[in-house]
Amino acid sequence: MAEKSVHIPSFLTRPPQTGGSQGIHREKPVSAEPSTADHSAIHVMTLAQMTLDGAWHLEQLHMRDHHLLIWITRGQGRLLLHGLRRGFGAHNAIFIPAGKLFAMDTGRHIQGQVLVVPADGRVQLPDRTQQLRMQDGLAQAELTGLFDDVRREIHENRSFLAEALIAEASLMSIWLRRQMQLVGAAPRATAAERIVRRYCDLLADSFHTGKSMASYADELEITPTHLTRVCRQCAGMTAADMLTQMIQHESRMLLKHSDMPINEIASELGFGSAAYFSRFSQQHFGASPSQIRKESPKGFLTAQK
């Protein structure tokens, strides 16, 4: 069968950027962590466990289909949260709702715990990203204790575990919302920040479609040059780099953590054929899709239905 003619945008054929990230939107996106845990259940992981298959799991721009509450206990680094670059350090609580773009440093000196909550409505959580720099020792101890309680429930596997985890996660949600209330409303975003956040929301919906940068700019009613300028200003990378990282991340997720055939992955990500996808993979990863799939650690194949 003849391949259909498909144009690959230039931003998808550039050499990989240092510190890149990846992510791709699907109707039911692959869970962005190499864990064999039941992804329909509330659970707790360390940052180290989330990056067993490589730092790219967190360091590249992407989104997830579940909520994350990250509690940093040691170290400092940089965070890209819903289009805005900022620093983080010890005793920072970072909340990322499902579907919001983020990336974060995971250097060897950074330690933390992560509460993973499926976005199924069982636990009431905020609908916006939040970074809390906790100075109150009592509030720090309270959140640490709540993480310990969740771990204890899972480790002991007691009766009514699912109900207990929902209750514990709800208590953590209450802690989070109380702290957000104490902090008050976020400062009014600048015009540039509002544009970048809107761009992030557009990417979350359609980064896998092959839409051109000019189309995103048109939708935002600005020029491509201005979109690139504000993204560099707020996110520390160009609009094209943000899109490329999203596609890179999801490409690797699907290759390494699903059993979807490579030609179907290519179609899923908006490539006209497996050949175009292979070219993208060689240019950005230095390996073919089949080689990347073979590198997947044994036992990490967790296809999400």
Side-chain angles (χ1 to χ4, degrees), residues 6-26 29-30 32 54-64 78-85 99-106 195-220 222-256 262 265-289 291-292:
V6 175
H7 170 67
I8 301 180
S10 60
F11 60 79
L12 294 184
T13 57
R14 294 205 313 267
Q17 300 292 317
T18 301
S21 278
Q22 325 160 32
I24 287 187
H25 180 69
R26 313 170 59 203
V30 168
W56 61 270
H57 275 277
L58 288 177
E59 291 184 348
Q60 290 190 312
L61 188 65
H62 66 289
M63 66 180 186
R64 298 181 178 234
R78 301 292 293 176
L79 172 72
L80 181 57
L81 192 59
H82 198 197
L84 304 183
R85 179 81 66 178
K100 295 297 184 182
L101 275 58
F102 83 102
M104 68 181 297
D105 293 345
T106 56
I195 290 173
V196 176
R197 285 173 173 169
R198 287 175 60 200
Y199 176 56
C200 286
D201 291 338
L202 291 176
L203 286 182
D205 287 335
S206 57
F207 71 90
H208 62 300
T209 63
K211 185 188 295 186
S212 70
M213 295 307 303
S215 296
Y216 283 108
D218 283 345
E219 196 164 347
L220 293 168
I222 59 176
T223 66
T225 299
H226 186 55
L227 177 58
T228 293
R229 183 185 303 116
V230 295
C231 286
R232 193 187 297 276
Q233 174 187 334
C234 297
M237 66 180 78
T238 67
D241 290 339
M242 292 173 70
L243 175 54
T244 300
Q245 284 197 14
M246 295 282 288
I247 296 174
Q248 286 177 327
H249 192 281
E250 189 73 1
S251 297
R252 206 145 45 176
M253 283 303 306
L254 292 172
L255 288 169
K256 297 172 79 69
I262 290 174
I265 294 176
S267 178
E268 180 76 20
L269 303 184
F271 294 93
S273 69
Y276 286 127
F277 181 46
S278 180
R279 184 189 308 171
F280 172 87
S281 179
Q282 289 284 358
Q283 290 173 334
H284 289 275
F285 308 134
S288 68
Q291 288 173 319
I292 292 173

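Computed over heavy atoms, backbone and side chain alike; hydrogens, waters and symmetry mates excluded.
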**Item:** Gap separating the CG atom of L203 from the OG1 atom of T209, nearest 0.5 angstrom
**Value:** 9.5 Å
**Item:** Over all atoms of both residues, closest heavy-atom pair of E59 and A103
**Value:** O-CB, 3.6 Å
**Asked** Is a donor on one side and an acceptor on the other found under 3.5 Å between the side chain of S251 and the backbone of I247?
**Response** yes
**Prompt:** Any idea which heavy atoms bring S206 and K211 closest together, and the distance?
**Reply:** OG-NZ, 3.5 Å
**Request:** Name all residues meeting the salt bridge (Lys or Arg N to Asp or Glu O under 4.0 Å) criterion together with D218; count only those two or more places apart in sequence or in a different chain, and write none if there are none.
**Result:** none
**Message:** Quick check for you: to the nearest 0.5 Å, what is the distance between K100 atom NZ and L81 atom CG?
**Reply:** 10.0 Å
**Message:** With a 4.5 Å cut-off on side-chain heavy atoms, are R229 and T238 touching?
**Reply:** no
**Item:** Atom of A204, atom of M63 and distance for their closest heavy-atom approach
**Value:** O-CE, 3.3 Å
**Message:** A side-chain contact here means heavy atoms from C-beta on lying under 4.5 Å apart; do Y199 and I222 qualify?
**Reply:** no
**Asked** CD of Q291 to CZ of F285: how many Å apart, nearest 0.5 Å?
**Response** 12.5 Å
**Request:** Would you indicate whether the side-chain heavy atoms of I265 and P289 approach each other to under 4.5 Å?
**Result:** no
**Message:** Between Q282 and S288, is there a side-chain heavy-atom distance shorter than 4.5 Å?
**Reply:** yes
**Message:** Any non-hydrogen side-chain atom of E219 less than 4.5 Å from a side-chain atom of R198?
**Reply:** no
**Asked** Angle class for the F280/H284 ring planes (parallel below 30°, perpendicular above 60°, tilted otherwise)?
**Response** tilted
**Message:** With a 4.5 Å cut-off on side-chain heavy atoms, are Y216 and L243 touching?
**Reply:** yes
**Message:** Could you walk me through whether C200 and M242 satisfy the side-chain contact (heavy atoms from CB on, under 4.5 Å) test, starting with their C-alpha distance in whole Å, then the side-chain angles of each, then the deciding distance to 0.1 Å, before giving a yes or no?
**Reply:** CA-CA 9 Å; C200 286; M242 292 173 70; 3.7 Å; yes
**Item:** Minimum heavy-atom distance between T106 and A55, given as atom pair plus value
**Value:** OG1-CB, 3.5 Å
**Asked** Are the side chain of T228 and the backbone N or O of P224 linked by a donor-acceptor pair below 3.5 Å?
**Response** yes
**Separation between NE2 of H208 and CD of E268, rounded to the nearest 0.5 Å** = 6.5 Å
**Prompt:** Under the 3.5 angstrom rule, does the side chain of S281 hit a backbone N or O of A287 as a donor-acceptor pair?
**Reply:** yes
**Asked** To the nearest 0.5 Å, what is the distance between CG (L255) and CZ (F277)?
**Response** 4.5 Å
**Request:** Can you measure from CZ (R232) to CE (M237) and round to the nearest 0.5 angstrom?
**Result:** 10.5 Å
**Asked** What's the shortest heavy-atom distance between L80 and R85, and which atoms?
**Response** CD1-N, 3.7 Å
**Request:** Return the minimal non-hydrogen interatomic distance between M213 and L227, and the atom names on each side.
**Result:** CE-CD2, 4.1 Å
**Message:** Counting the benzene-type ring for Trp, do H82 and F102 have ring centres under 6.0 Å apart?
**Reply:** no
